[in-house]
Amino acid sequence: MIDLRPVAHPIGKIVSALGAGMALPMAVDLWHGDPHWVVFLQCGLLTMVLGLLTAVATRTASETLNIQQAFLITSGLWAVLPVFGALPFILGAPNASISDAYFEAMSGVTTTGTTAFPVLDGLPKGTHLWRAILQWSGGLGIVVVAMVFMPVMKVGGMQFFRSEGFDTLGKVLPRAGEIAAEMTRIYVMLTAACTLTYIMLGMSGFDAVVHALATCSTGGFSNYDASFGAYLGGPEWAACVFMILASIPFIRMVQAMRGNFVPLYQDKQIHAYLRWVFYACAIIVIYRLIYMQQDKHPVELVRETVFNTISTFSGTGFASTDMMAWGHLPFAVLIVVGLIGGCTGSTGCSVKVFRYLVLFQAVRAQVRRMHSPSRVYPLRYEGRPLSKDVVNSVMAFFTLFMLTFGLLIVALSLSGLHPKTALTAAWTAIANVGPAWGPEITANGSISEFPTSAKWLMILGMYLGRLELVSVLVLLMPRFWRP
């Protein structure tokens, strides 16, 4: 029998912290005289009490985790937090259904950024802030999970980063506290810098905070139906910088803050990510300049393209224009970059750059073996050998990711969605990207008109995608539950 106390104890603490976080939107609504503050007070107290009771009841739990408990704490946390995160949406504005409220909370915690609310303009400010807080918390959480648990669980080749993840399974809980402190410091500094930059570029204080929380988490929730279209110009360029920073490994920023800049400069993931971002932006800009009829100034066209492409690549999901009007090639490029995502150990989403680099190396080695079967082609990454275990894990992840993506498209089509909508909805869910396109998508990018079954399918896709599939699907194996 698996001892669930070491799993429930940290989840209880985090749930109570989430309840305490509801004091911020409560204070905002109270300041603006909005009676919705009572909802946050009630939900905050309920969440804190339940979280604390769970933590106290399991306070005798061991500080060591076995591999089964590591899987359970990771998958359990992302299933439980949206339950409590959805409470303010169910009990107060916008008085959402259970499906819509849980979808919104899951979209926030997984930093997907797709909304189920038909209208965003006019919602209480506290609700907008709460949506942003959910994303910001989810972004920090996934960085910690990527550095603490996934290397231990050997999910998708993450064991390669075990030495950088302050390794040791036996002391994973206390070490997780140290890692969380380091990452939180960087995360807070990045968010504060982003907020101040937005304010200096003309955003109101509240809008700057909401958009900074969504930018640094690569989440993409905006408090406007027009998304980032409400702030064209300088804020778009600033957002590009911070979306890129949020998409590179946070461990590199920690090392840089300690005075060691060499790993940051030499990281192959960062080099590849920046290079691919440039290629994607260049392809779309050139295509739009040559083949599309444009009534925009070239500088405006470049800014618009760069912002929306980086937003999609990083998985943030902000939009400042209708990207479907760009043509078929740009649409294809956006789909591809959304399936790449950011770097490992960042708030970025999707498959991650590291896995593509390993995949390319493995394919190149296989092609060379076909030409010279007797030669040995060792795989290396940043001077370190890639073990067969890492390569096999990456290949398994790719196979599982694409298979799940395809099954999700079919399932969404069977729910009644238009094929184009089903494709982009599956893409945005499994890759945690944010935008979706199709006849059923509303003007503000909402999926509010989707059938309930389609919303729950997307919830499952977001959940699986954010936790990188294997860490959830392994729970379905009877063998996992054996002592």
Side-chain angles (χ1 to χ4, degrees), residues 107-108 110-115 120 131-132 135-136 138-139 190-191 194 197-198 201 203 207-208 210-248 273-274 276-285 288 300-326 330-343 346-350 352-353 424 427-429 431-437 441 444-446 465:
S107 181
T110 59
T111 72
T112 302
T114 309
T115 183
L120 297 176
R131 293 167 76 239
Q135 289 200 323
W136 193 85
L190 193 64
T191 306
C194 186
T197 303
Y198 283 156
L201 292 172
M203 282 192 184
D207 286 357
V210 169
H211 285 89
L213 293 174
T215 301
C216 294
S217 64
T218 62
F221 274 157
S222 174
N223 50 335
Y224 295 104
D225 286 319
S227 189
F228 222 85
Y231 288 102
L232 302 178
E236 288 179 286
W237 288 118
C240 289
V241 173
F242 285 100
M243 285 188 290
I244 288 175
L245 288 175
S247 299
I248 65 176
Y273 179 66
L274 295 178
W276 295 349
V277 166
F278 174 78
Y279 292 159
C281 292
I283 290 170
I284 297 177
V285 166
R288 294 185 67 194
E300 181 183 354
L301 183 144
V302 170
R303 185 193 71 234
E304 178 184 272
T305 301
V306 171
F307 170 79
N308 288 279
T309 303
I310 292 177
S311 178
T312 304
F313 209 141
S314 64
T316 307
F318 283 137
S320 63
T321 188
D322 179 13
M323 288 174 274
M324 287 298 92
W326 292 357
F331 175 72
V333 172
L334 292 175
I335 292 294
V336 170
V337 300
L339 292 174
I340 297 175
C343 299
S346 73
T347 62
C349 63
S350 200
K352 306 292 194 307
V353 174
T424 59
W427 168 78
T428 200
N432 305 117
V433 178
W437 301 281
I441 303 296
N444 70 339
S446 171

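Heavy-atom basis, side chains included; hydrogens, waters and symmetry copies ignored.
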S247 (side chain) donor-acceptor with C343 (main chain) under 3.5 angstrom: no
Candidate pair S320 and N308, rule side chain to side chain contact (heavy atoms under 4.5 Å, CB included), full reasoning: CA-CA 7 Å; S320 63; N308 288 279; 2.9 Å; yes
Heavy-atom closest pair, residues P435 and G317: CD-CA, 3.8 Å
Distance, nearest 0.5 Å, that separates SG of C194 from NE2 of H211: 10.0 Å
Any donor-acceptor pair under 3.5 Å from E236 side chain to G233 backbone: yes
Sub-4.5 Å side-chain heavy-atom contact between L120 and N223: no
Minimum-distance pair of heavy atoms, taken over all atoms of A431 and C349: O-SG, 2.9 Å
N/O donor-acceptor pair under 3.5 Å between R288 side chain and V302 backbone: no
M203 side, atom CE; T197 side, atom OG1 - distance, nearest 0.5 Å: 10.5 Å
Closest non-hydrogen atom pair, V333 against A280: CG1-CB, 4.0 Å
Any donor-acceptor N/O pair, W427 side chain to I335 backbone, under 3.5 Å: yes
Nearest non-hydrogen partners of L334 and T312, listed with the distance: O-CG2, 3.6 Å
Main-chain N/O of F318 paired with S311 side-chain donor or acceptor, under 3.5 Å: yes
Least distance between heavy atoms, F228 atom then A239 atom: CZ-CB, 3.9 Å
Short side-chain to backbone donor-acceptor contact, S217 and T111, under 3.5 Å: no
D207 side chain to Y224 side chain, donor-acceptor N/O pair below 3.5 angstrom: yes
Q135 side chain vs T218 backbone, donor-acceptor pair below 3.5 Å: no
Distance in Å, F278 CZ paired with I310 CD1, rounded so as to fall on 0.5 Å steps: 11.5 Å
Residue pair F307 / M243, side-chain heavy-atom distance below 4.5 Å: yes
Polar contact flag, side-chain donor to acceptor under 3.5 angstrom, T114-S107: no
Residue pair F331 / W326, side-chain heavy-atom distance below 4.5 Å: no
Euclidean distance, I284 CD1 relative to L301 CG, rounded to 0.5 Å: 10.5 Å
Side chain T309, main chain V306, donor-acceptor under 3.5 Å: no
ring-ring contact (aromatic ring centres under 6.0 Å, His included) evaluation trace for Y198 with Y231: CA-CA 10 Å; Y198 283 156; Y231 288 102; 8.2 Å; no
Any donor-acceptor N/O pair, T112 side chain to A429 backbone, under 3.5 Å: no
Candidates L190, T316, T191 - the one meeting side-chain contact (heavy atoms from CB on, under 4.5 Å) with F242: L190
For T347 against A246, the heavy-atom pair lying closest together: OG1-O, 3.0 Å
CA sep, side-chain torsions, deciding dist, call: T428, T424, side chain to side chain contact (heavy atoms under 4.5 Å, CB included): CA-CA 6 Å; T428 200; T424 59; over 6 Å; no
Derivation and outcome, side chain to side chain contact (heavy atoms under 4.5 Å, CB included), residues V210 and R131: CA-CA 9 Å; V210 169; R131 293 167 76 239; over 6 Å; no
From I340 atom CD1 to S314 atom OG, the distance as rounded to the nearest 0.5 Å: 12.5 Å
L339 backbone acceptor or donor facing S350 side chain under 3.5 Å: yes
Side chain to side chain contact (heavy atoms under 4.5 Å, CB included) between W276 and V353, intermediate numbers included: CA-CA 10 Å; W276 295 349; V353 174; 3.8 Å; yes
